[in-house]
Number of protein chains: 2
Amino acid sequence: MKSEKISEAVVRRLPVYLRYLNDLNKREVATVSSQELGQKLDLNPAQIRKDLAYFGDFGRKGIGYDVSYLIEKIRHILNLDQQINAVLVGAGNLGHALSNYNLYLRENIKIVAVFDENPKKIGTRISTLTVQPMDEISDTIKSKNIRIGIITVPDVEAQNVADRLIASGIEAILNFAPTILKAPASIRIHAADFTTDLLSLAYYLDNGKDESADDREHEDK
Amino acid sequence: MKSEKISEAVVRRLPVYLRYLNDLNKREVATVSSQELGQKLDLNPAQIRKDLAYFGDFGRKGIGYDVSYLIEKIRHILNLDQQINAVLVGAGNLGHALSNYNLYLRENIKIVAVFDENPKKIGTRISTLTVQPMDEISDTIKSKNIRIGIITVPDVEAQNVADRLIASGIEAILNFAPTILKAPASIRIHAADFTTDLLSLAYYLDNGKDESADDREHEDK
DNA sequence: TAGATTGTTAATCGATTAACAATC
DNA sequence: TAGATTGTTAATCGATTAACAATC
């Protein structure tokens with residue numbers, strides 16, 4: 001274990017490890033090697049070992065990693081050994097989809113409030129929650145100890161919503177709107193806009209040309 | 001313009017440029033510099049110039065980039081100067097959200113079919129489309145010239161769906177399920193799973209410690 | 001002409017991968 | 001002991017940024 005700065009790339013892989021480890025755990029697999037992890041997750045085993053070694057000596061030479069011990073450790077690193085409360089702003093289709101995902105999420109992040117500025121939506125239900133008006137946002141964030149904000153409002157409102165979340169003391173934001181949010185450096189913002197993903201995917205479409213020459217080698221399944 | 005290999009990082013920024021350029025265009029701004037783009041998009045101006053220079057000499061020294069010309073060029077690079085058809089598999093909440101997003105998307109990617117394996121969902125409507133049974137997937141992909149697959153089915157079914165999409169000749173996949181899909185190297189796959197984003201966000205939450213010492217400098221709005 | 005800004009080369013920075021001693 | 005696999009250092013690879021000549 002060293003105390004270098006941990007890069008974002010490393011942090012983003014931790015949930016991926018966690019997910020597969022949970023899988024193994026369910027199947028009652030006791031230990032796993034970086035080699036096997038690498039194969040399943042399409043990652044270099046050395047990278048996995050290095051990633052984990054930033055946080056501690058979790059493995060055993062000649063053996064590998066104990067699955068449930070590693071789960072415990074990664075959950076701790078990600079702050080998931082406590083319940084983390086989140087708020088959803090924007091009760092549109094995407095908001096609905098996300099709050100229902102709540103149920104699937106075995107990890108400790110929980111959406112505990114939903115807001116929308118549309119008077120027609122206020123008071124309606126989204127899974128187990130009631131949509132609240134925007135002017136209650138600050139009080140609710142404080143009283144319910146909400147630390148993460150999820151923004152699913154339209155484009156133009158996203159910055160405004162972010163400002164209000166930040167003013168109310170939120171620490172991190174997951175932003176589904178296709179906007180680059182401006183915020184203090186102390187606020188962590190992740191862009192989750194899938195239109196960017198989708199458009200960049202189009203770049204890789206094979207455009208006419210010589211189809212026959214383009215059969216590349218296949219990875220094994 | 002050179003013909004080096006274009007990295008994925010570069011390609012992923014193109015839609016971001018495009019989005020802001022469309023904005024400028026709507027506001028009838030005629031030219032923009034890499035400096036201004038950089039400021040708005042939180043990117044280094046040199047990086048933006050370099051990204052664009054991979055594809056051609058789009059700017060004018062001393063002037064900057066012509067907004068509508070650059071839009072045209074980026075749309076061409078991303079294959080968006082033609083309609084690209086996509087299929088959605090999984091008519092759950094997230095599927096609903098995505099197909100409605102269709103309407104918002106000004107760009108040329110269009111969801112033209114929706115599939116689900118649940119008999120109760122087959123025949124129901126999702127925006128303007130009727131949910132079709134899975135066994136029609138191959139025929140529809142071929143007859144409607146569908147090139148991108150969007151997977152919004154549960155975790156365990158994702159690989160199976162991907163295999164069917166690939167067997168039917170799809171070229172690229174946007175995968176919302178939290179699974180690492182295995183596929184031939186010729187198929188482009190982008191992971192769009194937001195649980196990964198959300199969990200990695202939790203890492204950055206400030207855990208107790210000394211709150212008062214943690215007020216860092218603010219970027220300007 | 002003077003000021004602005006590109007396209008591009010070179011320098012820097014950071015992330016990934018290979019290799020291997022340590023050790024279970 | 002022999003085989004397996006970690007943690008870590010060193011080598012490699014790739015991406016970002018700085019700097020600046022070219023030129024509008």
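Bear in mind that the values here come from a model prediction, so they are computed numbers and not experimental data.
Per the geometry, CD1 belonging to A:I6 stands 10 Å off P belonging to C:dA15, to the nearest Å. In this structure, the CD1 atom of B:I63 is 10 Å from the C1' atom of D:dT23, given to the nearest Å. Put simply, OH on A:Y54 is 11 Å from P on D:dT8, counting in whole angstrom units. Between the P atom of C:dT6 and the CD atom of B:E36 lies a distance of 11 Å, rounded to the nearest Å. Regarding B:N44, its CG atom lies at a distance of 8 Å from the C1' atom of D:dA18, rounded to whole Å. Residue B:Q35 contributes atom CD, which lies 17 Å from atom P of C:dG3 at whole-angstrom precision. The interatomic distance linking A:D57 (CG) with C:dA21 (P) rounds to 19 Å, in whole Å. The CZ atom of A:F58 sits 19 Å away from the P atom of C:dT23 (whole-angstrom rounding).
Shown here, D:dC24 forms a base pair with C:dG3; the pair counts as Watson-Crick or G-U wobble because both key distances fall under 3.5 Å. Pairing partner, C:dA18: D:dT9, with both Watson-Crick or wobble hydrogen-bond distances short of 3.5 Å.
Close to D:dT6, at under 4.0 Å from its OP1 or OP2, lies a side-chain N or O of A:S34. Phosphate proximity of C:dA15 to A:S7: present, with a side-chain N or O under 4.0 Å from OP1 or OP2. Contact annotation: A:Y65 side-chain N/O to D:dG7 OP1/OP2 distance is under 4.0 Å.
Of all nucleotides listed (C:dT6, D:dC24, D:dT5), D:dT5 comes nearest to the side chain of A:K61. Checked against D:dT5, D:dG7, D:dT9, the side chain of A:K50 finds its nearest nucleotide in D:dT9. Of the candidates C:dT5, D:dT16, C:dA18, D:dT16 carries the atom nearest the B:A9 side chain, counting heavy atoms from C-beta on.
Looking at which nucleotide of DNA chain D each of A:G62 and A:A46 is closest to, the 5′-most match is held by A:G62.
From A:M134, atom CE reaches atom CD of A:E157 across 8.0 Å, with rounding to the nearest 0.5 Å. With values rounded to the nearest 0.5 angstrom, B:K182 atom NZ is found 7.0 Å from A:Q39 atom CD. Taken from CG in A:L37 to CD1 in A:I48, the straight-line distance is 5.0 Å, to the nearest 0.5 Å.
Among the protein residues, A:R49 comes within range of the nucleic acid bases, having at least one heavy atom under 4.0 Å from a base atom.
A donor-acceptor pair shorter than 3.5 Å cannot be found between the side chains of A:D66 and A:T31.
No close placement of the A:F194 and B:F194 rings is indicated, their centers lying 6.0 Å or farther apart.
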